[in-house]
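When reading the values below, keep in mind they use all heavy atoms of this one structure, side chains included, and skip hydrogens, waters and symmetry mates. Proteins come first, then strands; the chains are lettered A, B, ... in the order of their sequence lines, and each starts at number 1.
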Amino acid sequence: MVGPVRLLVVRLVTWNVNSVKQRLPRLLALLDRHDPDVVCLQETKVVDDDFPFEEIERVGYRARSFGQRSYNGVAILARAEPIEIARGFPGDPTPEACRVIAADVAGVHVVSVYGVNGKALDSPAYETKLAWFDAFTVWVGDRFDPAEPLVLAGDFNVAPDDRDVHDPELWRGKIHVSQPERDRVAALMDLGLSDLGRQAAGDVTGPFTWWDYRMGAFHRGWGLRIDLALATDPVASALISVEVDREERKPTAGEGKPSDHAPVVVTWA
DNA sequence: ATGGTTGGTCGCCAA
């Protein structure tokens, strides 16, 4: 008899690619550069039939996609076989959107998450965003055991506190930073999850993971930390590092244009 | 700060 597969070291990357078709050369380069065990993608923007499975399998990864036309879309890539796949979750107030895919990879529960953007505080999408987080938190609490290894990784579209904002005064009252949004992330973490990026960085500003395409925001340092990895204690207590691959956000870093999000590389053992 | 930019699609909408 053998127990569940346990890797000595696990490297997980989460990345909002803003179109997996546009980003495919950079994604393949990222797999080669970081050699991750697991990758969580968001904003793939393709239906499953159009997902580039062949190119990804050719470099040694299995892939599971939950995608739709034009918008949203999530995926999990892994060296090991992803099992127990869940696409979407019951009670999602945006059931037409593809925002969540879950899989077990080498004994770790992995969830790729694309939280509702919300547009602006006075938009109907804002109330949808809050309701989505409420429903998502119920599902996570029902499905997972905090004693087991679990990572929720993705673009949550919320900067958890002012350290995650380049200019908190400028952003006050804006989407991504409002107290109700932050309360939702806190409620999710109250299930027994740690914010690995903050745990690794300590009490400092950043590191940011997203910069608006406009106004040279990346060059000027106008960023937010909205791409998060939230994990239960079996992972959090084994954390080695969390690094933002800022190079990937640069126009010159690879073939084609960059995503507006940088990949986040999480390692534990 | 949001007069910018990008992607999917082919009109604009979403971010």
Practice prompt. Verify the distance criterion only: is there a donor paired with an acceptor across the side chains of Ser112(A) and Gln42(A) at less than 3.5 Å?
Written response: yes

Practice prompt. Please state the C1' separation for the pair dG4(B) and dA14(B) - nearest whole angstrom.
Written response: 16 Å

Worksheet, complete the sentence: Here the distance between atom C1' of dA15(B) and atom OH of Tyr126(A), to the nearest Å, is 18 Å

Worksheet entry | Cluster link Phe144(A) to Phe89(A), ILVMFWY, side chain under 4.5 Å | yes

Practice prompt. Give the rounded distance in Å between these two atoms: CH2 of Trp211(A) and P of dG4(B).
Written response: 24 Å

Worksheet entry | Phosphate contact (dA15(B) OP1 or OP2) by Arg214(A) side-chain N/O below 4.0 Å | no

Worksheet entry | Trp132(A) reachable from Leu130(A) in the ILVMFWY side-chain graph, under 4.5 Å edges | no

Worksheet item: Tyr71(A) has an atom OH; how far is it from atom C1' of dT9(B), in whole Å?
Response: 8 Å

Worksheet, complete the sentence: Residue pair Val116(A)/Met215(A) against DNA chain B: nearer the 5' end by closest nucleotide is Met215(A)

Worksheet entry | Separation of dT6(B) P from Arg26(A) CZ (nearest whole Å) | 12 Å

Item to complete: Could you check whether Trp171(A) gets within reach of a base, just the sugar-phosphate, or nothing at all, counting any heavy atom under 4.0 Å?
Response: base

Worksheet item: Atom CG of Asn16(A) to atom C1' of dG7(B): distance rounded to whole Å?
Response: 12 Å

Discussion item. Return whichever of Asn72(A) or His166(A) has its heavy-atom-nearest nucleotide of DNA chain B closer to the 5' end.
Written reply: His166(A)

Practice prompt. Give one of base, sugar-phosphate or nothing for Phe218(A), where a contact means two heavy atoms less than 4.0 Å apart.
Written response: nothing

Discussion item. Is Lys21(A) close enough to dG7(B) that one of its side-chain N or O atoms is under 4.0 Å from OP1 or OP2 there?
Written reply: no

Worksheet item: From the list dG7(B), dT2(B), dT9(B), which nucleotide is the closest neighbour of the side chain of Arg69(A)?
Response: dT9(B)

Practice prompt. Look at all strands and tell whether Arg220(A) reaches a base, only sugar-phosphate, or nothing, counting heavy atoms closer than 4.0 Å.
Written response: nothing

Worksheet entry | Separation between the P atoms of dG3(B) and dT9(B), rounded to whole Å | 26 Å

Worksheet item: Side chains of Trp211(A) and His219(A): do they bring a donor and an acceptor to under 3.5 Å?
Response: no

Worksheet item: Rounding to a whole Å, what distance do you find between Arg249(A):CZ and dA15(B):C1'?
Response: 12 Å

Practice prompt. Find the distance His176(A):NE2 to dA14(B):C1' and express it as a whole number of Å.
Written response: 12 Å

Discussion item. Please report the distance, rounded to the nearest Å, between NE2 in His261(A) and C1' in dA14(B).
Written reply: 12 Å

Worksheet entry | Out of dT9(B), dT6(B), dA15(B), whichever nucleotide has its closest atom nearest the side chain of Lys257(A) | dT6(B)

Worksheet item: Hey, which of Val264(A), Leu27(A), Val20(A) is the one that makes side-chain contact (heavy atoms from CB on, under 4.5 Å) with Trp15(A)?
Response: Leu27(A)

